[in-house]
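To start, the structure under review is shown below, and the notes come after it.
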Amino acid sequence: MEKRNQAAKLIIGAVVVIIAVLFLVGIVSRHDITYKSAPLSREDISYRQVEAPKATSADGTITASDWSAIYPDIVVSWGKNADNEEVVDYLELDPYLVEIYEGYGFAKDYGSARGHNYTLTDVAKTKRPHGMANCLTCKTPNFTKLVNDEGDGVYSRPFDEVYAQITGNNAETVSCYTCHGNNPGNGTQPMENLEVTHGYIKLALGDNITSIDPGILACGQCHIEYYFDPETKATRMPHGSVDAMTPEATYDYFAAIGFSDWTQESTGAKMLKVQHPEMETVLLGKHAGVLNCADCHMPVVQNADTQNIYHSHTLMSPLKNKTLLESCLVCHKDLGVSNTDEMIAFVRNIQNRITAEETRVGNLLMEFKKALAAANQSGAWTSEQLDPIRELYRKAQWFFDFCYVENSEGAHNSALSTRCLETAESLINEGMQLLAALGE
Ligand code: HEC
Ligand code: HEC
Ligand code: HEC
Ligand code: HEC
């Protein structure tokens with residue numbers, strides 16, 4: 001009896017141990033499962049070589065609808081950029097801009113950017129004057145194709161004529177051809193199918209182009225600082241390497257070629273307008289060499305029905321997308337952020353700090369501009385006296401603008417944003433002192 005009881009106890013003990021072990025294994029394997037459901041990455045995508053469909057467009061660009069049978073998920077996600085339709089009126093938000101941009105189109109009409117689907121409607125209805133077709137550079141692959149087929153002469157043709165020609169042929173807004181040429185299907189590994197179709201990027205960077213991640217170049221075709229060549233009116237990029245992408249080096253480049261976007265009547269200053277230097281701030285920032293634009297703006301997602309894994313082509317703020325936010329935590333957990341809410345707060349804090357500084361310095365710049373305009377309009381001073389102050393004003397506006405017009409509000413590179421605002425402020429102070437010395 002005793003022995004039987006002992007054997008029973010042993011069996012029960014063994015069963016308990018086995019259950020405990022199974023339970024632990026269960027936890028471990030459950031942990032494994034959670035680990036696997038952490039964000040998907042491009043390593044999970046099956047890249048395939050496919051035959052390009054026949055182009056149905058008049059100019060030979062293979063359109064999104066041509067690709068839709070082969071890449072239905074990507075084409076649907078690309079169409080969803082239309083949901084990003086909100087526009088903020090910057091001139092209402094920051095009235096000092098109307099003073100600073102006086103005499104230039106942006107003083108009349110300056111709204112925030114929105115989804116890619118609106119590029120053609122927005123460029124057609126802007127109150128900013130656009131005499132030439134070069135305004136279409138960043139709006140549609142059909143303009144890119146026209147330049148690629150017919151050469152730089154297209155840039156200086158009348159806007160209305162080229163716009164009518166393109167839209168008459170069912171132009172697309174930013175689409176497959178822009179970032180992939182006619183080859184979205186010809187890739188067996190990540191980024192192999194990306195192609196720079198905007199010629200001025202290849203022209204400016206030359207061999208240095210290979211040092212930049214193709215997933216950055218794809219977006220940098222438009223999200224950069226550029227200018228129109230004073231003689232040919234062709235779109236040009238002012239820097240030939242990543243080192244030359246700083247606001248300081250770019251300013252020096254424009255100074256060396258004697259370039260200005262407009263002469264401001266009230267101050268007599270020859271002004272520069274910065275565009276949207278996102279490629280520059282990212283390449284000079286803390287994620288450079290580690291992440292490309294797609295990593296933070298194009299989540300890798302899975303179609304629940306077909307299990308197809310792909311890059312969503314709906315370009316979105318990483319702060320509004322759970323998949324992207326979770327991908328940040330892969331590194332930011334080690335940098336003191338523990339969950340997605342804290343990740344949002346971390347970025348918003350940076351943006352709030354930069355925006356507050358921007359408003360303060362923007363208002364100082366407006367005061368400087370008004371004082372310079374008064375000195376200029378008084379007629380009491382010679383150009384030898386005013387030109388050095390005009391130069392300080394032109395330069396202060398450049399550095400301020402480099403921060404203001406960059407769309408991430410400091411999230412891409414807060415140190416660079418801060419440096420721009422500090423430089424602008426010290427140039428403003430210097431200029432105000434010179435004006436004071438004149439007695440203005
Ligand atoms: C052919 C030029 C072009 C290319 C290439 C391009 N963009 Fe854009 N992008 C634009 C324009 C123009 C707008 C503004 C559209 C408007 O407001 O009408 C814009 C707007 C955006 C917006 C919306 C901004 C907002 O404030 O709502 C995001 C996000 C964006 N782009 C990200 C990207 C990313 C990421 C890439 C690369 C994968 C990319 N873009 C490639 C031209 C381009
Ligand atoms: C604004 C630029 C841009 C446009 C427009 C664009 N793509 Fe992409 N595409 C990308 C980027 C960036 C990647 C991801 C590269 C990487 O791995 O980082 C990508 C990836 C892909 C891939 C590889 C598979 C995958 O999911 O990563 C395919 C296929 C593709 N795109 C097809 C298309 C098609 C079809 C269209 C038109 C509906 C299109 N793309 C429009 C930039 C673009
Ligand atoms: C490390 C992640 C990261 C990388 C890499 C990155 N971005 Fe961003 N980007 C952000 C964050 C964060 C914001 C701020 C979003 C917000 O305010 O909601 C932002 C904002 C933007 C905006 C304004 C969008 C909006 O909705 O207001 C544009 C346009 C943009 N990025 C383009 C780019 C381009 C082009 C590249 C590549 C050259 C790039 N980004 C690379 C994180 C990134
Ligand atoms: C591969 C690792 C990695 C990933 C993934 C990553 N980051 Fe970072 N991030 C860093 C590092 C490293 C820093 C620099 C930290 C420092 O200097 O204190 C940084 C800094 C930042 C900064 C401050 C930048 C500045 O100039 O002040 C922001 C904002 C940021 N990350 C946003 C994001 C967002 C949003 C995502 C996800 C969409 C993301 N990061 C994903 C590594 C990463």
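Every number for a ligand or one of its atoms is a count from 1 in the order of the listing.
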Review point. Closer than 4.0 angstrom: is that true for some heavy atom of Met298 and an atom of ligand 2?
Key: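 So Met298 counts as touching ligand 2.
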
Check your understanding: Quick one: does Cys296 get within less than 4.0 Å of ligand 4, heavy atoms only?
Key ->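 Judged by the 4.0 Å heavy-atom criterion, Cys296 does count as contacting ligand 4.
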
Review point. Just distances here: any N/O of His180 and N/O of ligand 2 closer than 3.5 Å?
Key: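 Such a contact does occur with ligand 2.
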
Practice item. Return yes or no for this condition: an N or O of Trp67 is under 3.5 Å from an N or O of ligand 2. Key: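 No: no nitrogen or oxygen of Trp67 is under 3.5 Å from one in ligand 2.
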
Just to confirm my output: which protein heavy-atom neighbour is closest to [atom], and how far is it?
atom                    : answer
atom 32 (C) of ligand 4 : Met343 CE, 3.6 Å
atom 2 (C) of ligand 2  : Cys179 SG, 1.9 Å
atom 24 (C) of ligand 4 : Ala411 O, 4.0 Å
atom 37 (C) of ligand 2 : Cys176 SG, 1.8 Å

Review point. Side chain or backbone of Asp295 under 4.0 Å from ligand 4, or both, or neither, by non-hydrogen atoms?
Key: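 Under 4.0 Å from ligand 4, Asp295 contributes no heavy atoms.
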
Review point. Side chain, backbone, both or neither: which part of Ser414 has a heavy atom under 4.0 Å from ligand 4?
Key: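 It is both parts that get close, each with some atom under 4.0 Å.
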
Review point. What do the steps show when you test Tyr393 against Phe368 for ring-ring contact (aromatic ring centres under 6.0 Å, His included), and what is the final call?
Key: CA-CA 8 Å; Tyr393 170 57; Phe368 180 26; 5.7 Å; yes

Suppose I only count heavy atoms of [X] and a 4.0 Å limit; which atoms of ligand 1 are within that range?
X      : value
Asn84  : 23 (C), 27 (O)
His297 : 35 (C)
Thr178 : 1 (C), 5 (C)
Asp122 : 16 (C), 17 (O), 18 (O)

Review point. What are the protein N, O or S atoms, given as residue plus atom name, that sit under 2.8 Å from atom 8 (Fe) of ligand 4?
Key: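 Near atom 8 (Fe) of ligand 4, the protein supplies His287 NE2, His332 NE2.
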
Check your understanding: Can you tell me if CG on Asn208 sees more than 12 non-hydrogen neighbours from other groups inside 6.0 Å?
Key ->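 Counting other residues, nucleotides and ligands, CG of Asn208 exceeds 12 neighbours.
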
Exercise for review: Please determine if atom 8 (Fe) of ligand 1 has an N/O/S atom from Cys222 lying under 2.8 Å away.
Suggested key: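 Not a single backbone or side-chain N, O or S atom of Cys222 is under 2.8 Å from atom 8 (Fe) of ligand 1.
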
Practice item. Could you tell me whether any N, O or S atom belonging to His116 is less than 2.8 Å from atom 8 (Fe) of ligand 1? Key: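 Within the cut-off used here (under 2.8 Å), His116 does place an N, O or S atom near atom 8 (Fe) of ligand 1.
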
Exercise for review: Using the ring-ring contact (aromatic ring centres under 6.0 Å, His included) rule, take Phe259 and Tyr227 through it: C-alpha gap first, then chi angles, then the decisive distance, then the call.
Suggested key: CA-CA 9 Å; Phe259 184 81; Tyr227 68 106; 5.1 Å; yes

Please identify which atoms of ligand 4 are closer than 4.0 Å to at least one heavy atom of [X].
X      : value
Val290 : 1 (C)
Ser327 : 5 (C)
Ile350 : 23 (C), 27 (O), 29 (C)

**Study point:** Residue-ligand contact Ala218/ligand 1, heavy atom below 4.0 Å
**Key:**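 A heavy atom of Ala218 does come that close to ligand 1.
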
Review point. Any non-hydrogen atom of Asn407 lying under 4.0 Å from ligand 1?
Key: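 No; Asn407 lies far enough from ligand 1 that no heavy-atom distance drops under 4.0 Å.
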
Check your understanding: Which of these, Ile224, Asn81, Thr119, Asn117, has its nearest heavy atom closest to atom 12 (C) of ligand 1?
Key ->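 Shortest heavy-atom distance from atom 12 (C) of ligand 1: Thr119.
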
Check your understanding: Of the choices His311, His313, His223, which has the non-hydrogen atom that lies closest to atom 19 (C) of ligand 2?
Key ->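 Looking at heavy atoms only, the winner is His313.
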
Working to the nearest 0.5 Å, report the span between [atom1] of [X] and [atom2] of [Y].
X      : Y      : atom1 : atom2 : answer
Thr250 : Asp252 : OG1   : CG    : 8.5 Å
Phe400 : Ile428 : CZ    : CD1   : 8.5 Å
Ile216 : Ile224 : CD1   : CD1   : 13.0 Å

Review point. Mind checking whether Gln221 has an N or O less than 3.5 Å away from an N or O of ligand 1?
Key: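 No, since none of the N or O atoms of Gln221 sits under 3.5 Å from an N or O of ligand 1.
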
Check your understanding: Quick one: does ligand 1 sit under 4.0 Å from the side chain of Arg114, the backbone, both or neither, non-hydrogen atoms only?
Key ->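 Both backbone and side chain.
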
**Study point:** Exercise check, heavy-atom protein proximity under 4.0 Å to atom 28 (C) of ligand 1
**Key:**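 Protein heavy atom within 4.0 Å of atom 28 (C) of ligand 1: absent.
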
